Every structure is written in C-alpha cells, then in structure tokens.
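Remember, predicted model here, so these are calculated numbers, not experimental data. Just so it is clear: chains get the letters A, B, ... in the order the sequence lines come, proteins before strands, and each one is counted from 1.
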Protein chains: 2
Amino acid sequence: MLSKKTQYAFHALTYLAENQDKGPILISEISEMRKISLKFLENILLELKKSGILGSKKGKGGGYYLIKPPEEIGLAKIIRLLDGPIALLPCVSLNYYEKCENCQEEICGLNVVMSEVRDNTLKVLENKSLKDVLREH
Amino acid sequence: MLSKKTQYAFHALTYLAENQDKGPILISEISEMRKISLKFLENILLELKKSGILGSKKGKGGGYYLIKPPEEIGLAKIIRLLDGPIALLPCVSLNYYEKCENCQEEICGLNVVMSEVRDNTLKVLENKSLKDVLREH
DNA sequence: TCATTAGTCTATTAAAATGGTAGGGAATAT
DNA sequence: ATATTCCCTACCATTTTAATAGACTAATGA
C-alpha cells in the first residue's frame, strides 16, 4: 500500500496541475482544499521541490508550482521518491535492488514471478503521468 | 514490499512442497534449512495452519505438511493472509476495501489507474501457485 | 527600511507496525 | 510415563509512519 505521504503528494500534485494557470499556489490553500495537515504537507512539498518536480517562490504572491507539464511527470517516479521501491521483493527491484541472502536468484522461482509482477506494475505506472489522473484530461 | 513474514512464509512453503513425500516436517528443520528464526517461524506456520493452508501433527513423527497440492495454493492468497491488501490504495482493494475520505471515487483519476495496477498485479499472482515458484516444476 | 508574507529547515513526538523472543501448555507416539 | 512436538499468550526492541512545533530565511511592497 502507498503511504499517506505518497497519497497526499498525489492530491497536492493534481491540485497544482488543475490550477496551473493561477501561478504559484499557497501550501495553505492546498492543505485546505485537499484536507491535508498543513505542516505535514509542507514537508512533502519541500521534498518534491528538492527532487526537481516542483518549483517555489517565497514572499507575497509566492507558493508552489509545477516545473514541468503534467504529462511529463510520471507516476512511478513520484512513488519511488516518497515510498521507495515499487517491486515486492528487494531482489527484483530495479531502483532499490538488494541481493537475497538465503536464496540463489538464478534458480529462485519467486524471483521470476515477482519480476513479472514488477513488470506488469511498471507497465502501468511508468506510462501514466500526472495528466492521466486529473479530473479533466 | 512484502514483509519478512510473507517472505519467510514462501520459503517455508516451498520447503514443505519440495519435501512433501517425507511426511510431516519439523519447524526446526525448516528453520535451519531456510535460515529463519525458529520462534518467528512458529508463529508464521501456525497462522498458515489456522488459515487452512497447512496441517500439523504433534508428538514424535509430527510436524507441518501441506494440506493441498502446491498447484492449488495461490500466491495472492498467501500474501493477503500475511501482509494484507495487494492493491496500492484502500479504495481499490478487492479484499480490504475502504472508502476514500476526501475524494469521490467515481471521478478520481488515481482510482482508475490504481485499479489497473491492481488488475495487472493480480493477473500474475492469482494465476500462479506455489508450484510455479518451486525449483523443480 | 520595515512589516508582512510565505517557503525552509531541524527537531520532536505519539502511535503503529515489524521482527523477533520467552516460556509454559496441550496433544501424541512409544 | 515421558520425550517429543506443535500451540498459545504475552512481551520486547526497533523502525516507520504521520504529524507537530518553532525558529529561520527570502521576497515583496508600502
């Protein structure tokens, strides 16, 4: 399951996407509109900014905004950023790979199946963008 | 990611499947062969027994054994049993469904995408059995 | 320049989940 | 009877999750 953090990130990002024309959006506005704890959301948006997904502006008229158009922001990237691996096992993770301790991957049947699950999952997540989860698209 | 509990369960179950002909297998044997903490494994096997996947026998000559042939033990079932939902969001889970608080599912784009992910994942997990993850099959 | 606005950063906290341990109790075979 | 083996309840330590607090920095504009 995705963490609340990631779920909130999606809420916030879609809000930003749906209001792109309005210029920078206040954290507090997103917090109110999408019912997310203000301080928690602060952390999340900051993290998204540091990863190059969002831009920000301080002072009056400031706020957060998308740096790239929604169709260029992949869902897999967001999940990996905030939740870590998408794969079900460390030994089949593409981005967070860790070797199995007690089984030889080459002959491990689980490895094969879980790789297949990963591929099927990524087939969706890597090819869908923020744009695909907006209300109007 | 699957918890250690679930990963250990798979290790134990494949061991049991690969040694079905030997009659009941001791927890301690599985623990040693698959390098799993004995006491932790006890809990796991007990849980699998209570769910009707394993049978057990006490006293000398006792141990755990598969009740059904490996090809009838689905991977999705084992994961759900020990780790809970397979879906990435509560509102798209088939077995552990929970309503979204702050979004209307009918018009929620995330809901659509995550349902697709779930279906793609289940397409693999529901159609693969313990037999498919054994070394010799 | 100075007050206001708004993001940045570090630390803390409470609760839950995870992974593992301890130690009897109950059933069974010999 | 007794050794064997699973059964059961409780407990514990650590990590993760979700959220909060508060001070700091940067930008704006009157």
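An OP1 or OP2 oxygen of dA18(D) is reached within less than 4.0 angstrom by no side-chain nitrogen or oxygen of S37(A).
Contacts between chain B and DNA chain C, taken as any atom within less than 4.0 angstrom of a protein heavy atom, begin and end at dG19(C) to dA29(C).
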Starting from the C-alpha separation in whole Å, work towards a yes-or-no answer on side chain to side chain contact (heavy atoms under 4.5 Å, CB included) for I53(A) and L13(A). CA-CA 9 Å; I53(A) 289 175; L13(A) 287 169; 4.1 Å; yes
Test side chain to side chain contact (heavy atoms under 4.5 Å, CB included) on E116(A) and N120(B) and set out the steps. CA-CA 10 Å; E116(A) 202 180 323; N120(B) 277 15; over 6 Å; no
Would D132(A) and L75(A) count as a side chain to side chain contact (heavy atoms under 4.5 Å, CB included) if you check the C-alpha gap in whole Å, the side-chain angles of each, and the deciding distance to 0.1 Å? CA-CA 9 Å; D132(A) 296 305; L75(A) 301 187; 5.8 Å; no
Would you sort out whether L110(B) and T14(A) count as a side chain to side chain contact (heavy atoms under 4.5 Å, CB included), showing the intermediate values? CA-CA 10 Å; L110(B) 252 198; T14(A) 53; 6.0 Å; no
Taking only distance into account, with no hydrogens and no angle test, what donor-acceptor pairs under 3.5 Å do side-chain atoms of residues 19-33 of chain B form with protein atoms, sequence neighbours excluded?
residue: N19(B); atom: ND2; partner: Y15(B); partner atom: O; Å: 2.8
residue: K22(B); atom: NZ; partner: E29(B); partner atom: OE2; Å: 3.0
residue: E29(B); atom: OE2; partner: Y15(B); partner atom: OH; Å: 2.5
residue: S31(B); atom: OG; partner: I36(B); partner atom: O; Å: 2.7

Nucleotides 22-30 of chain D: protein proximity per nucleotide (B base, S sugar-phosphate only, - neither; heavy atom, under 4.0 Å): B--BSBS--
For nucleotides 11-17 of chain D, 5' to 3', base contacts (B), sugar-phosphate-only contacts (S) and non-contacts (-) with protein non-hydrogen atoms under 4.0 Å give -------
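Judged as a side chain to side chain donor-acceptor pair (under 3.5 Å), the pairs with a partner in residues 66-91 of chain A (not counting sequence neighbours) are, in order, S3(A)-D83(A), T6(A)-D83(A), R80(A)-E126(A). Annotation: side chain to side chain donor-acceptor pair (under 3.5 Å) contacts involving residues 54-67 of chain A, sequence neighbours excluded, comprise K49(A)-S56(A).
Atom CE of M1(B) and atom CE of M114(A) lie 11.0 Å apart (nearest 0.5 Å). Of the inter-residue distances, the one linking L48(A) atom CG with I67(A) atom CD1 reads 10.5 Å to the nearest 0.5 angstrom. To the nearest 0.5 Å, atoms CG (N95(A)) and CG (L81(A)) are separated by 11.0 Å. Separation of atoms CG (L41(B)) and CZ (R34(B)) is listed at 11.0 Å; rounding is to 0.5 Å.
Partners of K5(A) according to the side chain to side chain donor-acceptor pair (under 3.5 Å) rule, which considers only residues two or more places apart in sequence or in another chain, are E47(A). For A87(B), the side chain to side chain contact (heavy atoms under 4.5 Å, CB included) partners are V92(B), S93(B), R118(B), not counting sequence neighbours. Qualifying ring pair (Phe, Tyr, Trp, His ring centres under 6.0 Å) partners for F40(B), counting only residues two or more places apart in sequence or in other chains: Y8(B). Looking at residues two or more places apart in sequence or on another chain, you find a side chain to side chain contact (heavy atoms under 4.5 Å, CB included) between K39(A) and E42(A).
Distance Q7(A) CD to dA19(D) P: 10 Å, rounded to the nearest Å. The CE atom of M1(A) sits 10 Å away from the P atom of dA18(D) (whole-angstrom rounding).
Within a heavy-atom distance below 4.0 Å of DNA chain D, the residues of residues 21-31 of chain B found are I25(B), L26(B), I27(B). For DNA chain D, the neighbouring residues in residues 45-54 of chain B, judged by any heavy atom under 4.0 Å, are L46(B), K49(B), K50(B).
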